[in-house]
Peer 1: 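Dropping a structure here in structure tokens format, bear with me for questions.
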Amino acid sequence: PFVTADTSAILFGRIILLFAIAGTIGVSAEGQLALIRELERAYAELGKTAATLEQTQENVKRRIQEDTTLDQVARQITSTLEPDRVLSMVLERVETLLDAEASTLMTLDVARNELVFQIPRGSQAQALQGYRLPVGQGIAGWVAENQKPLRVDDTTRDARFAQTVDKQSGFQTRSLLAVPMMLQDHVAGVLEVINKRHGHFTDDDERLLSAVAHWSAIALENARLYHDLQLSMEQLQRAQEQLLRTERLRSLGEVVGGVAHDFNNLLTVILAESQLLADKSTDEDDRRALNRIEQAARDGASAVRR
């Protein structure tokens, strides 16, 4: 319950009034005892009020930190189309806020139905980069399959926990909180924080991590769409270049065809005239020369056809 300043003021007034009564009115022994008990109750209520007020202030402070973090997360991851570096920074802040030792962002490879450790963080994170976990296996696999968050306070007591991940990294997972990264009605990946340093992961932790997972899913989807758009633009550019080359070749073919046609006409005249002259010539040397001209014209026509 939220405690107002008026509540504290009323309790203080009550105690002051009791002291005033004790000092100005003659009180019997029984009355003094009752007055002492009333004072004790008033002090006890004041103590509870102070503790509740302190807890409320801590809750308000935490909520402000969470809201500030979420606002900054939303601004950062929606301002870039290369989100890995930004998301790693976001996970670092989430670890601090949730008092966790490590965190991991996994994306879903739909074709292979596997979770891929895309952004692992922690003392042994490098060993998990690119590691694959089948959907349905381990805590993260369960979250991806069921599309629900999951908190595990003691991994040794949960049969769903996959020891293979710790064996891969050499890291010891004691507790974890995992939430699905949802895009509309399908899972894009899983976000998890590992090993709460003090106490257990709470509903508030789950709520904050789910909000971060939502923005992370949007950032990764935007990056994927941008990457696909870049590929489409590159393919379009290559197609345009190929079309341009084809058009140039077609134009060149038309030019060459025209030249070949004209050249054939010239060779036809040379061939016909050399044959006529050879028929009329009586000199053997002239006839051999005309035969060479005719053969050259035929070779030229053959070259043009090729």
Side-chain angles (χ1 to χ4, degrees), residues 70 73-74 77 83-84 86-88 90-91 94-95 97-122 124-196 200-225 227-228:
L70 288 177
V73 165
I77 66 180
D84 281 16
V86 173
L87 286 174
S88 181
V90 167
L91 290 182
V94 169
E95 288 173 15
L97 193 59
L98 300 189
D99 196 27
E101 291 182 4
S103 60
T104 304
L105 186 150
M106 290 162 273
T107 55
L108 179 63
D109 183 342
V110 178
R112 297 175 58 174
N113 199 33
E114 293 176 335
L115 291 171
V116 183
F117 283 63
Q118 181 166 337
I119 308 177
R121 284 186 46 80
Q124 305 295 328
Q126 192 61 36
L128 289 175
Q129 185 69 50
Y131 184 77
R132 289 176 172 268
L133 185 69
V135 170
Q137 181 178 324
I139 301 298
W142 185 94
V143 169
E145 185 176 50
N146 293 273
Q147 301 185 9
K148 295 178 181 179
L150 183 62
R151 296 201 302 267
V152 177
D153 296 332
D154 185 354
T155 57
T156 63
R157 297 177 178 271
D158 197 310
R160 292 168 294 189
F161 178 68
Q163 298 287 346
T164 54
V165 178
D166 278 4
K167 290 179 180 178
Q168 173 71 19
S169 64
F171 184 83
Q172 183 179 2
T173 302
R174 301 184 303 275
S175 63
L176 61 83
L177 165 63
V179 299
M181 295 166 52
M182 300 298 298
L183 271 176
Q184 297 178 352
D185 60 346
H186 66 276
V187 175
V190 173
L191 189 61
E192 65 179 20
V193 285
I194 305 163
N195 292 354
K196 183 92 166 179
H200 301 302
F201 291 111
T202 65
D203 291 339
D204 288 337
D205 295 337
E206 181 181 313
R207 178 179 53 80
L208 174 64
L209 193 63
S210 295
V212 173
H214 170 71
W215 286 109
S216 300
I218 292 175
L220 291 174
E221 178 66 7
N222 287 343
R224 185 190 67 79
L225 292 174
H227 180 260
D228 290 348

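Since this is a predicted model, take the numbers as computed values, not measurements.
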Peer 1: Which atoms form the tightest heavy-atom contact between L128 and S169, and what is the distance?
Peer 2: CG-CB, 3.7 Å
Peer 1: Would you say that N195 contacts R174 through its side chain, given a criterion of any heavy-atom pair below 4.5 Å between the two side chains?
Peer 2: yes
Peer 1: Are the side chains of P120 and Q129 in contact, using a 4.5 Å heavy-atom criterion?
Peer 2: yes
Peer 1: Is any side-chain heavy atom of M181 less than 4.5 Å from a side-chain heavy atom of L105?
Peer 2: yes
Peer 1: Between I194 and T104, which heavy-atom pair has the shortest distance, and what is it?
Peer 2: CD1-OG1, 4.1 Å
Peer 1: Which atoms form the tightest heavy-atom contact between L183 and A188, and what is the distance?
Peer 2: CD1-CB, 4.0 Å
Peer 1: What I'd like to find out is whether the side chain of M106 reaches to under 4.5 Å of the side chain of Q118, using heavy atoms alone.
Peer 2: no
Peer 1: Do V152 and S175 have side chains that get closer than 4.5 Å, going by heavy atoms?
Peer 2: no
Peer 1: Please name the pair of heavy atoms, one in A140 and one in E192, separated by the smallest distance, quoted to 0.1 Å.
Peer 2: CB-OE1, 4.0 Å
Peer 1: Looking at every heavy atom in both R121 and A102, which two are closest together, and how far apart are they?
Peer 2: O-CB, 3.1 Å
Peer 1: Taking NZ, NE, NH1 and NH2 as the nitrogens, is one of them in K196 or D205 under 4.0 Å from a carboxylate oxygen of the other?
Peer 2: yes
Peer 1: According to side chain to side chain contact (heavy atoms under 4.5 Å, CB included), who are the partners of V116, at least two apart in sequence or on a separate chain?
Peer 2: T107, D109, R132
